[in-house]
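What follows is a set of notes on a single structure, which appears directly below.
Letters A, B, ... are given to chains in the order of the sequence lines, protein chains preceding strands, and every chain is numbered from 1. All values below come from the heavy atoms of this structure, side chains included, with hydrogens, waters and symmetry mates left out.
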Number of protein chains: 2
Amino acid sequence: MVTIADVARDAGVSASTVSYVLSGKRSISADTRRRVEASIRRLGYHPHAGARALASSRTNVLALVVPLRTDIHVPVVMRFVTSVVTSAREHDHDVLLLTNDEGPDGLRRVAASAIADAILVMDVEAEEPRIPVLQSLLRPVVLIGVPDDPAELSCVDLDFHAAAARCVDHLADLGHERIALIGPSPAVYERGTSFAGRFLRGFTGTARERGLAAVAHSCAPSYEAVRECVDKVLADQPDVTGLVVHNEAVLGTVLSELQRRGHRIPADLSVVAVCPEDMAVSYSVPLTTVAIPSDDVGRLAVEMVLRQLDGAAAPEVRLLSPRLSPGHSTAPPPRS
Amino acid sequence: MVTIADVARDAGVSASTVSYVLSGKRSISADTRRRVEASIRRLGYHPHAGARALASSRTNVLALVVPLRTDIHVPVVMRFVTSVVTSAREHDHDVLLLTNDEGPDGLRRVAASAIADAILVMDVEAEEPRIPVLQSLLRPVVLIGVPDDPAELSCVDLDFHAAAARCVDHLADLGHERIALIGPSPAVYERGTSFAGRFLRGFTGTARERGLAAVAHSCAPSYEAVRECVDKVLADQPDVTGLVVHNEAVLGTVLSELQRRGHRIPADLSVVAVCPEDMAVSYSVPLTTVAIPSDDVGRLAVEMVLRQLDGAAAPEVRLLSPRLSPGHSTAPPPRS
DNA sequence: TTGAAAGCGTTACCAT
DNA sequence: ATGGTAACGCTTTCAA
């Protein structure tokens, strides 16, 4: 193994000088810097991560807790993961993948063993049970999602309440009076997943404010569930003209099913989808969309947690404003 | 921070004894062991990962290189990832998530910095360009997928050639004479993804052996592509009675599209799907399936790499035998 | 069965 | 602007 001592010898300087060249924590003469950098390249030197961690109490690793649940839409999860990994690498950090099956002990282990410097948590619930553990870790934490009581933990997410409002407003502005929401799987609501409740409240609240008749149903990701759900929507809201779909997993199936039943989009029925931007393009009709900005959220999560590590930031809650991109799936309601 | 010295003092033993209690590398009297373990629990001691890595040159971390591509089906990728993480934890290892955007340097960095002990690589191509780097790392590597020339690297995957043969045999045994394959996205073939070519060769080869007329088409994951692909299949093989779908992303769309066009499954057309087991259950017809055993593959990958780390194993190529689970989507062909 | 002590490769403080 | 040298917390050899 090539060590810092090898580089130092090769460059004719001391080990500490090599270290300082690498960290930039003190000024180095141009000449010395060049020689050291040349030696580093020539020898193919890479600092030993463990030694570094031991000496500096910094691992340059971020732990990311991902959900293993099957009721959450995997492609969406993966977008967040990708964004976090990419952003982390841009800041010279690596990402350790954690799941929840170890429970609180897993978090304690990672934090106490100094395997990672900080923790990012996905799949946050309204009454997030992990908050006490996370607070006890003495390490920066960022939740991707916003619990009812963040309790001094940083959070970042799309403002799902505003996102729902945006959807409803869009439909209301077009003149729709009877609208419906197809939301996430019942399982997602049942365990109180934070974004689902926030969106639902935004939907019903705004509908009430705008004087619209509104119904909401959850929908499991199976063909039968979609059919039942569409049945229920049409039963509860017989002359529905506006539909909000906040469920990436069933979006395609919902659209086919509606078309199968003879509803033309948007002539008979306007549809607004809530999903990552690039997901909305793969359907026959270009959808009117409120985007889930997974890239921004992931990047912000990383930046927030790194700022905390630098001691330069207090915990904060960041809700990203929704943006609605008009497509061809919404139009004024049909005159009846 | 609680150190091994704290535990040693608390238990009235030396630090080395605590270390040996933890590692089990020498015998400890029952009494000492109890006292040490009690102290560990009471103080909440967790060994410092960096210190450990430095002293033992073992990080207990496995690096996993995942594809960021969008042409590969994300839920399938995630199943492998999940399986790897779970298995790794069962063997007291953590998983570091790597992507390919750093290129070969990323692999060198991770290996040379001793951030991870070994590397698992997903999304393997037939002419895998990463093989030279991987060989140069001096660390155990397991490829999840099999390149044309593994060159002394360990590999594990479903035997896709045999899997295709199994599909064709099943249809041939039922009496089908004209069959078709809907394979992965063109992009997957173009970059020579290992499993795609192996499956395709198994398909055409076995069809020839069995004397069946066979056509094969790739299919991008969009509604239009599916329609075109189905068109092409029906044009090239007008009286097709057996269809193999090796493309999780379009499976549902293909089924709907066929039904929309009046093909009853399996009365008019038998369909065999190649996909993870649990994916096959979410359709209206329970599908005849050749399962992609992501759990087994991920677990084996971890076990193989750990065995190499223990020095107890040479590189090996493991191809898992396919298993066909009969569903209600295949039947004898209609009499014409 | 246990203890003492020498590393492991960095960082960062104290000098100069 | 640079060098020397204690840490950092653990593993493992050598001794007893």
Side-chain angles (χ1 to χ4, degrees), chain A residues 1-37 39-40 43-61 92 109-115 117 309-311, chain B residues 1-37 39-40 43-61 92 109-117 309-310:
Chain A
M1 182 189 196
V2 184
T3 72
I4 200 171
D6 298 326
V7 175
R9 197 174 319 115
D10 188 84
V13 298
S14 72
S16 49
T17 296
V18 176
S19 176
Y20 284 118
V21 166
L22 250 21
S23 69
K25 288 190 181 173
R26 81 180 181 192
S27 47
I28 301 283
S29 76
D31 181 57
T32 304
R33 149 161 290 120
R34 260 192 309 92
R35 285 205 329 280
V36 169
E37 280 167 350
S39 298
I40 288 177
L43 303 180
Y45 167 69
H46 290 266
H48 188 287
R52 237 181 195 184
L54 184 55
S56 67
S57 20
R58 276 282 219 143
T59 62
N60 275 33
V61 169
D92 196 32
R109 178 182 66 84
V110 168
S113 309
I115 294 177
D117 297 329
L309 276 169
D310 292 346
Chain B
M1 182 190 197
V2 184
T3 73
I4 200 171
D6 297 327
V7 176
R9 198 172 318 115
D10 187 83
V13 297
S14 73
S16 50
T17 296
V18 176
S19 176
Y20 283 119
V21 166
L22 249 22
S23 70
K25 289 188 182 173
R26 79 180 183 193
S27 48
I28 300 283
S29 76
D31 181 57
T32 304
R33 150 160 290 119
R34 260 194 308 94
R35 287 210 322 283
V36 169
E37 282 168 349
S39 297
I40 287 176
L43 303 180
Y45 168 68
H46 290 266
H48 187 286
R52 233 178 198 185
L54 185 56
S56 67
S57 22
R58 277 283 219 140
T59 63
N60 276 31
V61 169
D92 195 32
R109 178 181 67 83
V110 169
S113 309
I115 293 177
D117 297 329
L309 276 170
D310 291 348

Handout entry: Results of salt bridge (charged side-chain N to carboxylate O under 4.0 Å, His left out) for A/Asp92 - residues two or more places apart only
Key = none
Handout entry: Atom pair CD1 (B/Ile40) and CZ (B/Arg35), whose distance is rounded to the nearest 0.5 Å
Key = 12.5 Å
Handout entry: Donor-acceptor side-chain pairing of B/Ser16 and B/Ser19 below 3.5 angstrom
Key = no
Problem - B/Ile28 CD1 - D/dT12 C1' separation (whole Å) - result: 13 Å
Problem - the helix from C/dT1-D/dA16 to C/dT16-D/dA1: angle between end helix axes, five pairs per end, rounded to 10 degrees - result: 30°
Handout entry: Rounded interatomic separation in angstrom, taking CG from B/Asn60 and P from D/dC10
Key = 14 Å
Exercise for the section: Please state how far atom CG in B/Asp6 lies from atom P in D/dG9, giving the value in whole angstrom units. Expected result: 9 Å
Handout entry: Any residue meeting salt bridge (charged side-chain N to carboxylate O under 4.0 Å, His left out) with A/Arg26, in chain and number order, not counting sequence neighbours
Key = none
Practice task
Whole angstrom is fine here: how far is it from CZ in B/Arg34 over to P in C/dT2?
Solution key: 12 Å
Problem - Residue pairs passing the salt bridge (Lys or Arg N to Asp or Glu O under 4.0 Å) test where at least one lies in residues 43-54 of chain B, sequence neighbours excluded - result: none
Exercise for the section: Please list, chain by chain and in numerical order, all residues satisfying salt bridge (charged side-chain N to carboxylate O under 4.0 Å, His left out) with B/Asp310, sequence neighbours excluded. Expected result: B/Arg58
Problem - Approximate separation, where rounding is to 0.5 Å, of B/Met1 CE and B/Tyr45 OH - result: 7.0 Å
Problem - Side-chain donor/acceptor of A/Thr17 to backbone N/O of A/Val13, under 3.5 Å - result: no
Completion exercise
In 5'-to-3' order, the base (B), backbone-only (S) or no-contact (-) status of each nucleotide in nucleotides 9-16 of chain C, using a 4.0 angstrom heavy-atom cut-off, is BBBBBB--
